[in-house]
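Below is one structure; the comments refer to it alone.
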Amino acid sequence: MYSWLVGRVVRRQFAHLSTGEWRTPFAKFARDAVLRFPGDNPGAGEHRGRDEIAAFFDRTWSAFAMDFTVDAVAVTGPPWDMRALVRWRNVARAADGRAFPNRGMSFIRIRRGRVVEDEIYQDTQVVAEGFAHVERLATAARPTTGTSAPAPAP
């Protein structure tokens, strides 16, 4: 019975992520939690502790608007040491509207109501392309400074 309840809670947390409200799911992370995000992109790495995980969420949700669809949730283990497997689809949208659709799975360990581990599996190439696009947008938006006046004579 509790697996059904945990599934509802997990789906609700993904719904918060889809509205841009990452702080609500973040509040469920334990102080010493670990979030693993694979790939070669600005969000990649093993983020340990609430400060690093908050920085990950802030960086990612500052770059993209997210729209998650949870396809399946499986929960196993006792309430004091549960594991939730979540299969999801996501469309990350950059500020110019360009969409980066992706699919993935999350392996989440929950101890006594707190997320202690979240490992995300997805198409890391799509994530890298999305962050590269966002960086190009930011670079194009930066004002050019200075003029091309000749250098002063020695």
Side-chain angles (χ1 to χ4, degrees), residues 3 5-76 82-148:
S3 64
L5 181 61
V6 172
R8 281 189 54 134
V9 170
V10 167
R11 287 176 190 278
R12 191 172 322 131
Q13 299 310 320
F14 273 84
H16 285 298
L17 294 174
S18 291
T19 65
E21 182 45 52
W22 61 263
R23 286 170 184 82
T24 299
F26 170 72
K28 301 286 184 193
F29 279 78
R31 212 179 23 214
D32 59 346
V34 177
L35 184 144
R36 293 181 190 91
F37 194 80
D40 184 13
N41 62 73
E46 185 170 280
H47 309 285
R48 293 188 163 275
R50 290 180 58 85
D51 290 343
E52 286 185 25
I53 294 170
F56 164 83
F57 276 114
D58 189 48
R59 180 182 321 111
T60 304
W61 267 258
S62 294
F64 302 100
M66 303 285 193
D67 185 15
F68 283 94
T69 300
V70 174
D71 294 321
V73 179
V75 179
T76 186
M82 289 185 284
R83 285 151 318 277
L85 304 168
V86 185
R87 187 177 72 191
W88 48 262
R89 289 174 282 139
N90 179 34
V91 177
R93 291 193 190 282
D96 67 347
R98 181 162 174 200
F100 297 89
N102 208 341
R103 327 174 46 95
M105 293 193 72
S106 296
F107 172 83
I108 305 166
R109 287 192 61 207
I110 304 166
R111 286 195 185 136
R112 294 180 172 78
R114 293 283 183 201
V115 173
V116 296
E117 180 182 5
D118 187 357
E119 190 155 349
I120 301 164
Y121 302 92
Q122 62 187 330
D123 186 337
T124 58
Q125 184 61 38
V126 171
V127 177
E129 289 170 7
F131 273 111
H133 178 74
V134 167
E135 181 57 33
R136 284 191 298 275
L137 289 177
T139 300
R142 286 187 195 119
T144 56
T145 56
T147 61
S148 53

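Given the structure is predicted, the values throughout are model-derived calculations rather than measurements.
Annotation: side chain to side chain donor-acceptor pair (under 3.5 Å) contacts of Arg89 (sequence neighbours excluded): Asp71. The salt bridge (charged side-chain N to carboxylate O under 4.0 Å, His left out) test applied to Arg111 returns Asp81, not counting sequence neighbours. Here Gln125 pairs with Asp123, Glu129 under the side chain to side chain contact (heavy atoms under 4.5 Å, CB included) rule; sequence neighbours left out. Annotation: side chain to side chain contact (heavy atoms under 4.5 Å, CB included) contacts of Val9 (sequence neighbours excluded): Gln13. Under the rule for a side chain to side chain donor-acceptor pair (under 3.5 Å), Thr124 has no partner lying at least two apart in sequence or in another chain. When the side chain to side chain donor-acceptor pair (under 3.5 Å) test is applied to Glu46, the partners found at least two apart in sequence or on another chain are Arg36, Arg48. With sequence neighbours excluded, the residues forming a ring-ring contact (aromatic ring centres under 6.0 Å, His included) with Phe56 are Phe37, His47, listed by chain and number.
Between Gly43 and Asn41, the closest heavy-atom pair is N-OD1, 2.8 Å. For Val75 against Gly7, the heavy-atom pair with the smallest separation is CG2-N, 4.3 Å. Val126 and Pro101 make their closest contact through CG1-O, 3.4 Å (heavy atoms, listed as atom of the first residue, atom of the second, distance). Across all non-hydrogen atoms, the minimal contact from Phe100 to Ala94 is CE1-CB, 4.4 Å. Of all heavy-atom pairs spanning Ala44 and Gly39, the tightest one is CB-O, 3.0 Å. Considering all non-hydrogen atoms of both residues, Ser106 and Trp88 come closest at OG-NE1, 3.0 Å.
Counted within 6.0 Å of CZ on Arg103, heavy atoms from surrounding residues, nucleotides or ligands total 12 or fewer; the atom is thus considered open.
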Give every donor-acceptor pair under 3.5 Å between a side-chain atom in residues 133-140 and any protein atom, sequence neighbours left out.
unit_1 : atom_1 : unit_2 : atom_2 : d
His133 : ND1    : Arg98  : NH1    : 3.4
His133 : NE2    : Asp96  : OD1    : 3.2
His133 : NE2    : Asp96  : OD2    : 2.9
Glu135 : OE2    : Thr139 : OG1    : 3.3
Glu135 : OE2    : Arg142 : NH2    : 3.3
Thr139 : OG1    : Glu135 : O      : 2.9
Thr139 : OG1    : Arg142 : NH1    : 3.3

Cut-off 3.5 Å, no hydrogens considered: what does the side-chain donor-acceptor table look like for residues 20-34, sequence neighbours left out?
unit_1 : atom_1 : unit_2 : atom_2 : d
Glu21  : OE2    : Arg23  : N      : 3.3
Glu21  : OE2    : Thr24  : N      : 3.3

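Using a 4.5 Å heavy-atom threshold, the side chains of Val70 and Val86 count as touching. Using a 4.5 Å heavy-atom threshold, the side chains of Val73 and Leu85 count as separate.
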After noting the C-alpha distance and the side-chain angles of Gln122 and Val127, does the key distance pass the side chain to side chain contact (heavy atoms under 4.5 Å, CB included) rule? CA-CA 8 Å; Gln122 62 187 330; Val127 177; 3.6 Å; yes
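In this structure a side-chain-to-backbone donor-acceptor pair under 3.5 Å is missing from Asp67 to Val91.
The distance from atom CG of Leu35 to atom CD1 of Ile120, rounded to the nearest 0.5 Å, is 4.5 Å. Rounding to the nearest 0.5 angstrom, the gap separating the CZ atom in Phe64 from the CG atom in Asn90 is 9.5 Å.
Sequence neighbours left out, not one pair with a member in residues 53-62 passes side chain to side chain donor-acceptor pair (under 3.5 Å).
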